Amino acid sequence: MAARPSWRCRVCGAAWPCSPARLALLGEYREDRIGLLIYLATLLCEATEDLPGQAVDDRLGDRFLTWARAR
């Protein structure tokens with residue numbers, strides 16, 4: 001889980017979700033991609049409150065959602 005309000009990984013300090021967090025989430029939700037996207041969208045909404053300057057920027061959406069879409 002991310003440290004809030006910075007939304008940095010509590011383990012490595014990278015922007016959350018970092019690569020290890022993404023792998024863990026994909027594993028946890030491997031049978032429920034829609035559930036993963038709903039979970040990430042909920043966290044994105046929370047992050048927009050904590051990171052208002054980045055909320056307008058598409059990078060925050062990419063950071064939270066784009067990587068998790070099915071390929």
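Since the structure is predicted, the reported quantities are computational estimates derived from the model, not experimental observations. The residues of the chain are indexed from 1 along the displayed sequence.
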Inset, instruction - Share the residues that join Ile34 in a hydrophobic cluster, the rule being Ile, Leu, Val, Met, Phe, Trp or Tyr side chains under 4.5 Å apart at the heavy-atom level. - result: Ile38
Legend entry - Pairwise side-chain contact, Met1 with Val11, heavy-atom cut-off 4.5 Å (strictly under): no
Inset, instruction - Using the test side chain to side chain contact (heavy atoms under 4.5 Å, CB included), find all partners of Cys12 that sit at least two apart in sequence or belong to another chain. - result: Cys9, Ala14, Cys18
Legend entry - For Ala68 against Leu40, the heavy-atom pair lying closest together: CB-CD1, 3.6 Å
Legend entry - Inter-residue atom distance Arg59.CZ - Leu51.CG, 0.5 Å rounding: 11.5 Å
Inset, instruction - Return each pair, listed once, that meets side-chain hydrogen bond (donor to acceptor under 3.5 Å, both in side chains) where at least one residue sits in residues 1-18; pairs must be two or more places apart or across chains. - result: Arg4-Glu46, Arg4-Asp50, Trp7-Asp50
Inset, instruction - Specify the closest pair of heavy atoms between Leu25 and Pro17, including all atoms of both residues, with the distance to one decimal. - result: CD1-CB, 4.5 Å
Legend entry - ring pair (Phe, Tyr, Trp, His ring centres under 6.0 Å) pairs, two or more places apart, involving residues 30-51: Tyr29-Tyr39
Inset, instruction - List for me each residue that meets side chain to side chain contact (heavy atoms under 4.5 Å, CB included) alongside Leu26, sequence neighbours excluded, and say none if there are none. - result: Arg33, Leu36, Trp67
Inset, instruction - Keeping the roles fixed (side chain from Arg22, backbone from Ser19), state whether a donor-acceptor pair exists under 3.5 Å. - result: no
